Amino acid sequence: MRLLLSFIVLLFLSTNAEAQLFKPKNNAPINAKYSTGAVTKENNRIVFRKSIDAQGLGAEEIKEMVKGWYNRRFEPSKIISAKTVTDTGTQFEARIEEYITFKNRFFVLDRSRIYYYLTVYYSDNRCEIAISRITYWYDEENPDGGMRYTAEEIITDENSLKNGKLKKHPGKFRTKTIDLKDSIFNELENTLKSNR
């Protein structure tokens, strides 16, 4: 039994070493959507914002569509939590907590909690969406409590890019945050377009 266990361990180690040895180097240029200027600031705070043309829709219609989309996108089974902060005739704001996953493989789950405020402003023929006050809680299972970051500490151009390439640790936060932002913005825009 001990011999079999030793053989399995050696096989695993040699396969892993071979995979590392022949792993291709990634010299490809950075995808433009993650490059310089992709993370925007307002008053020195990171804010992602998009204005959506909703010609033909009144503010009340937009408000109802936003609420329907929000309830589907942020339903409790898909995220950790979503709490409405403001809900008026012209603005909707919620505090969201969910996971961004960097790697999910056999025996490896690398992810972080992400917290952010989602704000949607509506008026006749127009809708504006913003994501702000972004923070992270990484490696929460670690006995020392993991690491907490603000977006300003980790995903800015200065902190996540070097010589036109993504730095490894901050780069993964930058790419997943931008991907999440794009997904949210595109979903809402498609919802409004499909109901015109």
Side-chain angles (χ1 to χ4, degrees), residues 31 33-34 38-40 42 45-54 57 59-122 126-142 145-155 160 166 169-196:
N31 185 322
K33 86 176 205 172
Y34 308 122
V39 174
T40 53
E42 296 176 9
R45 299 297 304 268
I46 291 173
V47 178
F48 295 109
R49 188 181 300 278
K50 182 172 187 172
S51 184
I52 301 171
D53 179 17
L57 295 174
E60 270 307 308
E61 291 175 284
I62 294 171
K63 179 180 178 178
E64 289 308 308
M65 288 180 205
V66 167
K67 283 189 174 182
W69 164 78
Y70 173 83
N71 290 333
R72 290 187 304 276
R73 170 62 176 80
F74 299 101
E75 74 175 67
S77 64
K78 295 180 181 176
I79 60 162
I80 300 169
S81 74
K83 182 180 178 186
T84 302
V85 177
T86 307
D87 188 3
T88 69
T90 58
Q91 179 182 334
F92 176 83
E93 184 174 54
R95 185 175 189 273
I96 312 293
E97 178 185 358
E98 61 182 295
Y99 282 111
I100 48 175
T101 303
F102 309 118
K103 214 182 272 185
N104 188 2
R105 295 189 193 137
F106 189 61
F107 285 127
V108 178
L109 176 59
D110 186 18
R111 68 183 183 178
S112 174
R113 287 182 189 237
I114 181 170
Y115 306 83
Y116 58 93
Y117 281 78
L118 175 79
T119 311
V120 184
Y121 308 91
Y122 20 79
R126 182 147 306 279
C127 177
E128 186 176 287
I129 183 169
I131 294 175
S132 61
R133 292 176 271 177
I134 306 165
T135 58
Y136 309 92
W137 182 14
Y138 180 65
D139 200 17
E140 65 187 88
E141 294 86 7
N142 195 311
M147 294 165 276
R148 294 182 184 260
Y149 307 109
T150 65
E152 292 76 21
E153 291 173 314
I154 197 162
I155 69 167
S160 60
L166 288 166
H169 185 70
K172 67 184 182 181
F173 283 86
R174 183 182 177 99
T175 57
K176 289 297 181 179
T177 303
I178 291 171
D179 288 346
L180 176 65
K181 175 265 300 183
D182 287 347
S183 170
I184 290 170
F185 286 7
N186 292 338
E187 282 177 26
L188 180 56
E189 184 171 24
N190 290 336
T191 297
L192 295 176
K193 282 183 176 174
S194 66
N195 284 284
R196 274 196 261 175

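Everything numeric in this text was worked out from a predicted model, so none of it was measured.
Counting heavy atoms from C-beta outward, D110 and R105 have side chains that stay 4.5 Å or more apart. With contacts defined as side-chain heavy-atom distances shorter than 4.5 Å, the pair V120/K67 does not qualify. Side-chain contact between R113 and E97 is present, with at least one heavy-atom pair separated by less than 4.5 Å.
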Could you go step by step and tell me if Y115 and R133 meet the side-chain contact (heavy atoms from CB on, under 4.5 Å) rule?
CA-CA 8 Å; Y115 306 83; R133 292 176 271 177; over 6 Å; no
Could you go through E187 and R72, starting from their C-alpha distance and side-chain angles, then the distance that decides it, and tell me whether this counts as salt bridge (Lys or Arg N to Asp or Glu O under 4.0 Å)?
CA-CA 11 Å; E187 282 177 26; R72 290 187 304 276; over 6 Å; no
Using the side-chain contact (heavy atoms from CB on, under 4.5 Å) rule, take W69 and I184 through it: C-alpha gap first, then chi angles, then the decisive distance, then the call.
CA-CA 10 Å; W69 164 78; I184 290 170; 3.8 Å; yes
Residue pair Y116, T177: steps toward the side-chain contact (heavy atoms from CB on, under 4.5 Å) verdict
CA-CA 10 Å; Y116 58 93; T177 303; over 6 Å; no
Just do the side-chain contact (heavy atoms from CB on, under 4.5 Å) check on E141 and R111 with the steps written out, would you?
CA-CA 11 Å; E141 294 86 7; R111 68 183 183 178; 4.1 Å; yes
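Ring orientation note: the planes of F74 and Y70 are tilted relative to one another, at an angle of 30° to 60°.
When all heavy atoms of T101 and N104 are compared, the closest pair comes out as CG2-CB, 3.9 Å. Closest approach of W137 to G146, counting heavy atoms only: NE1-CA, 4.4 Å. For L192 against L57, the heavy-atom pair with the smallest separation is O-CD1, 3.9 Å. Residues A38 and I178 share a closest heavy-atom pair of CB-CD1, 3.9 Å. Of all heavy-atom pairs between T88 and K63, the closest is O-NZ, 3.4 Å. What you find for R49 and Y121 is that their closest heavy atoms are NH1-CE1, 3.8 Å.
One N or O on the side chain of E153 and one on the backbone of T150 form a donor-acceptor pair closer than 3.5 Å. A donor-acceptor pair is defined here as one N or O able to donate and one able to accept, closer than 3.5 Å; such a pair exists between the side chain of E152 and the backbone of I46. A donor-acceptor contact shorter than 3.5 Å links the side chain of R174 to the backbone of Y34. Side chain of S183 to backbone of D179: no donor-acceptor contact under 3.5 angstrom is found.
Separation of atoms OG (S160) and CD1 (I155) is listed at 7.0 Å; rounding is to 0.5 Å. With rounding to the nearest 0.5 Å, the separation of NZ in K181 from CG in N186 is 8.5 Å. The CE atom of M147 lies 7.0 Å from the CG atom of N142; values are rounded to the nearest 0.5 Å. Taken from OG in S81 to CD in E98, the straight-line distance is 9.5 Å, to the nearest 0.5 Å. Separating the CG atom in L118 from the CD1 atom in I134 is a distance of 10.5 Å, to the nearest 0.5 Å. Taking OG1 from T135 and CD1 from I114, the interatomic distance works out to 8.0 Å, rounded to the nearest 0.5 Å.
A ring-centre distance under 6.0 Å is not found for F48 and F185.
In summary, the side chains of Y136 and K176 do not present any donor paired with an acceptor at a separation below 3.5 Å, with no hydrogens or angles considered. Defined by atom type and a distance below 3.5 Å, a donor-acceptor pair is present between the side-chain atoms of S51 and R126.
The number of heavy-atom neighbours closer than 6.0 Å to NZ of K83, taken from other residues, nucleotides and ligands shown, is 12 or below.
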